[in-house]
Amino acid sequence: VFFRTANMISQFTDGLNSSGNLWEVVKENVFAFQPIFTNMRKTITKTLFRSVFDIDWSAQGTKKREAEETGCMAAVWNMVNGKCFFFYDFLGADAIPPLGFPRRPSINFYEQVEDCRRMPRAPTCMMGIFLPKGLEDEDELKDLLTRAVRVCWF
């Protein structure tokens, strides 16, 4: 295994050293660079989740806002608290990238049509996801997210 990757590792370290001996700096400050070069998997909390996403709420005090807070987002908060698997399902990544996102992803909401369950969606033209208003069941939300991901990929 070592000999198959040794050349690539050498090129990587030589490349970093060609930029002001950066590899030597990394070796001297291992713990400072650890989050960049390793998967540090933070436990996802409600606070961390809120710091990552911009939530596009309806106006305070409206029925729409109430449906967003007590419906889908209540289910999201239940799913988020310390469960890394949800973050993967939500963004397709195990964790927040070490250098963060290029811009903050957003959470937007859409109205459900009666007798029809529309899938959550994440348009490629924006960094965000659309979730259904009024959906309170955590298992149903997980199912919709999983089905939405599978429909896009398969």
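Fair warning: this is a prediction, and the values are worked out from it, not measured in the lab. Positions are given from 1 along the sequence.
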Between [X] and [Y] (side chain of the first, backbone of the second, donor and acceptor by atom type, cut-off under 3.5 Å), is there such a pair?
{"X": "Ser10", "Y": "Asn7", "result": "no"}
{"X": "Arg65", "Y": "Ala59", "result": "no"}
{"X": "Asp54", "Y": "Ser106", "result": "no"}

**Asked** Which pair of non-hydrogen atoms, one from Cys72 and one from Pro132, has the smallest distance, and what is that distance?
**Response**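 Where Cys72 meets Pro132 most closely, the heavy atoms are CB-O, 3.0 Å.
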| field | Nearest heavy atoms of Phe37 and Leu16, plus distance in Å | value |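 Looks like CZ-CD1, 4.5 Å.
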What distance separates [X] [atom1] from [Y] [atom2], expressed to the nearest 0.5 Å?
{"X": "Lys63", "Y": "Glu68", "atom1": "NZ", "atom2": "CD", "result": "13.5 Å"}
{"X": "Tyr110", "Y": "Arg121", "atom1": "OH", "atom2": "CZ", "result": "7.5 Å"}
{"X": "Leu141", "Y": "Leu131", "atom1": "CG", "atom2": "CG", "result": "6.0 Å"}
{"X": "Glu24", "Y": "Thr13", "atom1": "CD", "atom2": "OG1", "result": "8.5 Å"}
{"X": "Asn108", "Y": "Phe53", "atom1": "CG", "atom2": "CZ", "result": "11.0 Å"}
{"X": "Lys27", "Y": "Leu22", "atom1": "NZ", "atom2": "CG", "result": "12.0 Å"}

Contacts of Trp77 meeting ring-ring contact (aromatic ring centres under 6.0 Å, His included) (sequence neighbours excluded), chain-then-number -> Phe49
For residues Pro105 and Val52, determine if any side-chain heavy atom of one lies less than 4.5 Å from a side-chain heavy atom of the other.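 They are in contact (side-chain heavy atoms under 4.5 Å apart), so the answer is yes.
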List the steps and the verdict of side-chain contact (heavy atoms from CB on, under 4.5 Å) for Phe109 and Lys64. CA-CA 10 Å; Phe109 301 96; Lys64 286 182 177 183; over 6 Å; no
